[in-house]
Visitor: 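This is the structure I have questions about; it appears just below.
When a residue number appears, it is its place in the shown sequence, counting from 1.
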Amino acid sequence: MSTIKQYIGRFAPSPSGPLHFGSLVAALGSYLQAKAKQGTWLVRMEDLDPPREMPGAADDILRTLEAYGLEWDGGIMYQSQRHDAYQAQIESWLDHQQAYYCQCTRKQIKQAGGYYPGTCRDKQLDSAGNAIRLKVDAPVLAFDDLLHGHISIPAPLAEEDFIIRRRDGLFAYNLAVVLDDIEQGITEVVRGADLIEPTGRQIGLYRLLGQPEVNYLHLPLAVTENGNKLSKQNHAPAIDKADPRPALIEAIRFLGMQPPVDLASSSTRDILLWGIAHWQLSNLPQTTAITLAPSHPSHG
Ligand code: GLU
């Protein structure tokens, strides 16, 4: 008899500012996909990078999710409380020569063509002020996305030894996200298409750790009029906590559904129930042009 694994999904905001329409789409899409599968939906606060955080944003995000009726299951995981787990994994890789210290600057890597060429792999550098990179011995050259289909990853990107702890001592996003998704038992990752790029690295980490891999669904990205991703960095406006219905309806439309006009005057709960009943991956617009380029500074 085969056992069907219970679906566990998540929304993992970084508290660098209040929720904007782009992050509402990621929250709602991951929520609807989990609930349509009778699954669990967790929230994890990715407070990994204090200099980029805004005081009070983590609580503000949670209050906003509540105002939108997006109730999460279980407790919130905070990455700021997970440092021991990240550090223990890094030490084990250092002990097994699977990771190494690197002193190269971003400028040097840019000059070398944008991809890190493994300069410090065999230098046996010590920790002083240096970043830590993972040796990528088995690059992940492709993966399947539930919306975008088969995605090929250019070899120089796939083969790059990537940073798992930054020179300023902060843990890298790719490491934290995979260790946390494993710890929380996540079976499917639903998030914005801007995170397609690091996905190959994350799959590589699952394989290195001998863990079962997860499904990926990268949602279409909300962009500004001039084509930039809506983000806290480009000051996307916060969504309204006092009257959540218009933004909720707009997010439902953005995800390819066509709600009846009178749904806008229903409760957030009824709007979400309508969304769960009408959620279908085949409705999602596949608008994102996928270009995989050298590491994104925050997600490298
Ligand atoms: N914390 C990331 C962000 O807000 C999302 C991470 C993820 O969903 O894997 O961009």
Side-chain angles (χ1 to χ4, degrees), residues 5 7-14 20-37 39 41 44 46 114-115 136 138-160 162 173-174 177-178 181 186-207 211-224 226-231 236 250-258 275-276 278-300:
K5 228 172 159 189
Y7 184 105
I8 307 180
R10 50 46 159 202
F11 172 54
S14 304
H20 52 75
F21 184 73
S23 35
L24 175 63
V25 166
L28 180 65
S30 59
Y31 174 89
L32 294 178
Q33 170 77 343
K35 295 299 163 184
K37 291 180 179 285
W41 185 66
R44 179 171 70 235
E46 302 219 314
Y115 293 104
V136 174
V140 175
L141 291 158
F143 70 96
D144 290 310
D145 182 273
L146 291 171
L147 176 63
H148 301 279
H150 194 70
I151 294 184
S152 301
I153 303 171
L157 175 64
E159 288 165 359
E160 192 177 40
F162 60 88
Y173 156 73
N174 284 312
V177 86
V178 171
D181 280 341
I186 301 300
T187 59
E188 187 170 287
V189 168
V190 181
R191 58 188 177 191
D194 54 323
L195 294 170
I196 287 177
E197 187 191 300
T199 301
R201 295 178 168 178
Q202 295 174 15
I203 294 170
L205 289 176
Y206 280 92
R207 292 187 186 162
Q211 292 289 330
E213 290 169 37
V214 300
N215 293 333
Y216 290 95
L217 167 60
H218 287 93
L219 298 168
L221 275 192
V223 293
T224 60
N226 33 11
N228 296 320
K229 179 200 162 197
L230 280 189
S231 71
E250 204 184 325
I252 284 192
R253 282 215 183 88
F254 185 85
L255 291 169
M257 290 170 276
Q258 276 153 10
I276 294 167
H278 292 82
W279 171 254
Q280 267 184 20
L281 293 191
S282 57
N283 285 335
L284 286 172
Q286 198 189 335
T287 46
T288 312
I290 301 163
T291 40
L292 298 182
S295 323
H296 185 287
S298 64
H299 290 126

Visitor: Does the side chain of N215 reach to within under 4.5 Å of the side chain of L146, using non-hydrogen atoms?
Guide: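 Counting from C-beta outward, N215 and L146 do come under 4.5 Å.
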
Visitor: Quick one: closest heavy-atom pair of A251 and L28, and the distance?
Guide: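 Nearest heavy atoms, A251 then L28: CB-CD2, 3.6 Å.
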
Visitor: With a 4.5 Å limit on heavy-atom distance, are the side chains of I196 and I151 in contact?
Guide: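 Yes, close enough: below the 4.5 Å cut-off.
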
Visitor: Side-chain contact test, heavy atoms from C-beta onward, threshold under 4.5 Å: evaluate it for P285 versus P220 and give yes or no.
Guide: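 The answer is yes, as the side chains (C-beta and beyond) meet within the 4.5 Å cut-off.
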
Visitor: Taking all heavy atoms of V140 and all of R207, pick out the closest pair and write down the distance.
Guide: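 Looks like CG2-NH1, 3.7 Å.
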
Visitor: Taking atom types as modelled, is there a side-chain donor on R191 or T199 under 3.5 Å from an acceptor on the other?
Guide: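 Judged by distance alone, the side chains do pair up.
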
Visitor: Under a 4.5 Å cut-off applied to non-hydrogen side-chain atoms, are V189 and V214 in contact?
Guide: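 When only atoms from C-beta onward are counted, V214 and V189 do touch, with a gap below 4.5 Å.
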
Visitor: Can you tell if the side chain of L219 reaches within under 4.5 Å of the side chain of L147, non-hydrogen atoms only?
Guide: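 With C-beta onward as the side chain, the pair stays apart.
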
Visitor: Stepwise, does the side chain to side chain contact (heavy atoms under 4.5 Å, CB included) test hold for E197 with L157?
Guide: CA-CA 9 Å; E197 187 191 300; L157 175 64; 4.0 Å; yes

Visitor: Check the pair L281, Q33 against side chain to side chain contact (heavy atoms under 4.5 Å, CB included), reporting the backbone distance first and the verdict last.
Guide: CA-CA 9 Å; L281 293 191; Q33 170 77 343; 3.7 Å; yes

Visitor: Is the side chain of N174 donor-acceptor paired with the backbone N or O of Q202 at a distance under 3.5 Å, no angle test?
Guide: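 Absent.
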
Visitor: One pair to check against side chain to side chain contact (heavy atoms under 4.5 Å, CB included): Y31 and V190. What are the steps and the verdict?
Guide: CA-CA 9 Å; Y31 174 89; V190 181; over 6 Å; no

Visitor: Do the non-hydrogen side-chain atoms of R44 and D181 ever get within less than 4.5 Å of each other?
Guide: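 SC-SC contact between R44 and D181 confirmed.
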
Visitor: If we only count heavy atoms from C-beta on, is the E160 to V136 side-chain gap below 4.5 Å?
Guide: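 Not in contact.
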
Visitor: Would you check if the side chain of H148 reaches a backbone N or O of H218 as a donor-acceptor pair within less than 3.5 Å?
Guide: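 At least one qualifying donor-acceptor pair exists.
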
Visitor: Under the side chain to side chain donor-acceptor pair (under 3.5 Å) test, which residues partner Y7, sequence neighbours left out?
Guide: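 With sequence neighbours excluded, Y7 shows a side chain to side chain donor-acceptor pair (under 3.5 Å) to E188, given in chain and number order.
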
Visitor: Taking salt bridge (charged side-chain N to carboxylate O under 4.0 Å, His left out) as the definition, give me every residue that meets it alongside E159, ordered by chain and number, with sequence neighbours left out.
Guide: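 For E159, no residue satisfies salt bridge (charged side-chain N to carboxylate O under 4.0 Å, His left out) once neighbours in sequence are set aside.
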
Visitor: Calculate, to the nearest 0.5 Å, the distance between atoms CD and CG belonging to E213 and L205 respectively.
Guide: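 Answer rounded to 0.5 Å: 11.0 Å.
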
Visitor: I would like to know whether Y173 and L195 meet side chain to side chain contact (heavy atoms under 4.5 Å, CB included); could you show each step before the answer?
Guide: CA-CA 11 Å; Y173 156 73; L195 294 170; 3.7 Å; yes

Visitor: What are the two closest non-hydrogen atoms of A222 and G22, and how far apart are they?
Guide: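 Of all heavy-atom pairs spanning A222 and G22, the closest is CB-CA, 4.1 Å.
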
Visitor: Apply ring-ring contact (aromatic ring centres under 6.0 Å, His included) to F11 and list each qualifying residue two or more places apart in sequence or on a separate chain.
Guide: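 With neighbours one apart ignored, the set is empty.
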
Visitor: If we only count heavy atoms from C-beta on, is the W279 to L284 side-chain gap below 4.5 Å?
Guide: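 Yes - at least one pair of side-chain heavy atoms lies under 4.5 Å apart.
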
Visitor: Looking only at heavy atoms, which two atoms of G275 and I252 are closest? And how far apart?
Guide: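 Closest approach of G275 to I252: CA-CD1, 4.3 Å.
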
Visitor: Any side-chain to backbone donor/acceptor pair from T187 onto I8? Under 3.5 Å, distance only.
Guide: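 Yes, because the side chain of T187 sits within donor-acceptor range (under 3.5 Å) of the backbone of I8.
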
Visitor: Find the distance between OG (S30) and CD1 (I186) and round it off to the nearest 0.5 Å.
Guide: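 Here the interatomic distance stands at 9.5 Å.
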
